[in-house]
Amino acid sequence: MKLFLDTAVVEEIREIASWGVLSGITTNPSLLAKAGRSVPDFMREIDSLVKGPLSLEVTAESSEEMLKEARKLRGYGENVVIKLPLTPEGLKTCGQLKEEGISSNLTLVFSANQALLAAAAGADYVSPFIGRLNDNGADGNGLIREIRTIFDRYGIAAKIIAASIRDPRNVTEAALNGADIATIPYAVMKKMIAHPLTVDGLRKFKEDWENSRLSL
Ligand code: E4P
């Protein structure tokens, strides 16, 4: 499973990209608003940092306006994937973008049927929102499992992005249930690397080595 960072904070991208673990980035209007970044500003700053796909979301409601926004967003880079909402207008736009050779990521997916519709419209990525489902007493991991089973059974190539990740366990479960990608917030990424036994083990290695007075 590939790891994407779900953020619009440039410093977070710089730090996690330096680990060499990032395969892409997803953003959304809320993340950009929180970071106080306009899209051109954001794209200029992360230019050399991001190698893989980078999802930027449209905000329009009609397909006509979504298309205009999508073409503009795609103008910021060849790796830009257009994030579209799972609405009739979003599906319509997805098909049109496909014809123009522009990749799309259908977002706000909360059911297997929505994922099927996204794939049928030509989506390259579908983003089921695990955390928001779990927050509402539903089974986010179960949804990943259902979509994986259906896509495998019918040879559907769209990639499943486990989104709305809340904690490291969500990432493990997304991987176990067959997501192709997990898009992970910075805070969760930092928790994923941390383990008290790693810290203890490192301290002990250092202590033993220093006491030995040997050299490398
Ligand atoms: C996915 O692409 C979205 O940006 C994101 O995962 C939304 O998650 P949230 O529920 O934390 O807002």
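Every heavy atom of this structure was used, including side-chain atoms; hydrogens, water molecules and symmetry mates were not. Here, residue 1 is the first one in the sequence, and each next residue gets the next number.
- Interatomic distance, OG1 of T93 versus CE of M66, reported as 5.0 Å (0.5 Å rounding).
- Taking both residues in full, the closest heavy atoms of P53 and F4 are given as CG-CZ, 3.8 Å, listed atom of the first, atom of the second, then distance.
- Judged purely by atom type and a 3.5 angstrom limit, E89 has no side-chain atom pairing as donor or acceptor with the backbone of S62.
- The number of heavy-atom neighbours closer than 6.0 Å to CD of E45, taken from other residues, nucleotides and ligands shown, is above 12.
- Using a distance-only test at 3.5 Å, with no hydrogens or angles considered, no donor-acceptor pair links the side chain of R148 to the main chain of A179.
- With hydrogens and angles ignored, the 3.5 Å screen pairs a side-chain donor or acceptor of D124 with a backbone N or O of S104.
- Rounding to the nearest 0.5 Å places CD of Q114 at 12.0 Å from OG of S127.
- Legend: residues meeting side chain to side chain contact (heavy atoms under 4.5 Å, CB included) with I46, ordered by chain and number and at least two apart, are V10, I13, F42, M43, L49, V50, L54.
- Of the candidates T26, N79, N105, S55 forms a side chain to side chain donor-acceptor pair (under 3.5 Å) with just one, namely N105.
- To the nearest 0.5 angstrom, M189 atom CE is 10.0 Å from T7 atom OG1.
- Between V171 and M1, the closest heavy-atom pair is O-CE, 3.6 Å.
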Sequence neighbours left out, cut at 3.5 Å: what donor-acceptor pairs do the side chains of residues 195-205 make with other protein atoms?
| unit_1 | atom_1 | unit_2 | atom_2 | d |
| --- | --- | --- | --- | --- |
| H195 | ND1 | L197 | N | 3.1 |
| K204 | NZ | D208 | OD1 | 2.9 |
| K204 | NZ | D208 | OD2 | 3.1 |

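- Put simply, the side chain of K190 reaches to within 4.5 Å of the side chain of E15, judged on heavy atoms.
- Residue E78 qualifies as open at atom CD: its count of foreign heavy atoms under 6.0 Å is 12 or below.
- Counting all heavy atoms, side chain and backbone alike, A162 lies closest to I130 at CB-CG1, 4.2 Å.
- When every heavy atom of S111 is checked against every heavy atom of L143, the shortest pair comes out as C-CD1, 3.5 Å.
- You'll find the side chain of L116 stays beyond 4.5 Å of the side chain of Y154, heavy atoms only.
- In terms of heavy-atom proximity, P85 sits nearest to V58 at CD-CG2, 4.0 Å.
- Annotation: the span from R132 atom CZ to R166 atom CZ amounts to 7.0 Å, rounded to 0.5 Å.
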Quiz prompt | Chi angles and distances behind the side chain to side chain contact (heavy atoms under 4.5 Å, CB included) call for L67, L97 | solution = CA-CA 8 Å; L67 275 172; L97 290 179; 3.8 Å; yes
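- Hydrophobic clustering, with ILVMFWY side chains joined whenever heavy atoms are under 4.5 angstrom apart, groups I184 together with I16.
- Looking at R74 and E100, no side-chain N of the basic residue comes within less than 4.0 Å of a carboxylate O on the acidic one, giving no salt bridge.
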Exercise. For the pair K34 and L31, evaluate side chain to side chain contact (heavy atoms under 4.5 Å, CB included) and give the outcome as yes or no after the intermediate values.
Key: CA-CA 5 Å; K34 197 168 155 206; L31 290 171; 5.6 Å; no
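- Side chain of D41 to main chain of R37: no donor-acceptor pair is present (N/O by atom type, distance under 3.5 Å, no hydrogens or angles).
- Every residue two or more places apart in sequence or in another chain that forms a ring-ring contact (aromatic ring centres under 6.0 Å, His included) with F129 is listed here: F110.
- The backbone N or O of A60 sits less than 3.5 Å from a side-chain atom of E69, completing a donor-acceptor pair.
- Within the 4.5 Å cutoff, side-chain heavy atoms of R169 are placed close to those of T172.
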Quiz prompt | Worked verdict on I161 versus V126 for side chain to side chain contact (heavy atoms under 4.5 Å, CB included) | solution = CA-CA 6 Å; I161 305 183; V126 298; over 6 Å; no
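- Look at E210 and K206 and you find a salt bridge, because one of the NZ, NE, NH1 or NH2 atoms lies within 4.0 Å of a carboxylate O, short of that distance.
- Side-chain atoms of K83 come within 3.5 Å of backbone N or O of T27 as a donor-acceptor pair.
- Distance check: L106 CG to L84 CG gives 5.5 Å after rounding to the nearest 0.5 Å.
- Checked by atom type and distance alone, the side chain of N136 never pairs as donor or acceptor with a backbone atom of A138 at under 3.5 Å.
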Practice problem: Test V9 against Y186 for side chain to side chain contact (heavy atoms under 4.5 Å, CB included), laying out the working first. | Solution: CA-CA 9 Å; V9 178; Y186 172 80; over 6 Å; no
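- In this structure, CG in N170 is found 5.0 Å from CD1 in I165, a value given to the nearest 0.5 Å.
- The closest side-chain heavy-atom distance from I181 to I160 is not below 4.5 Å.
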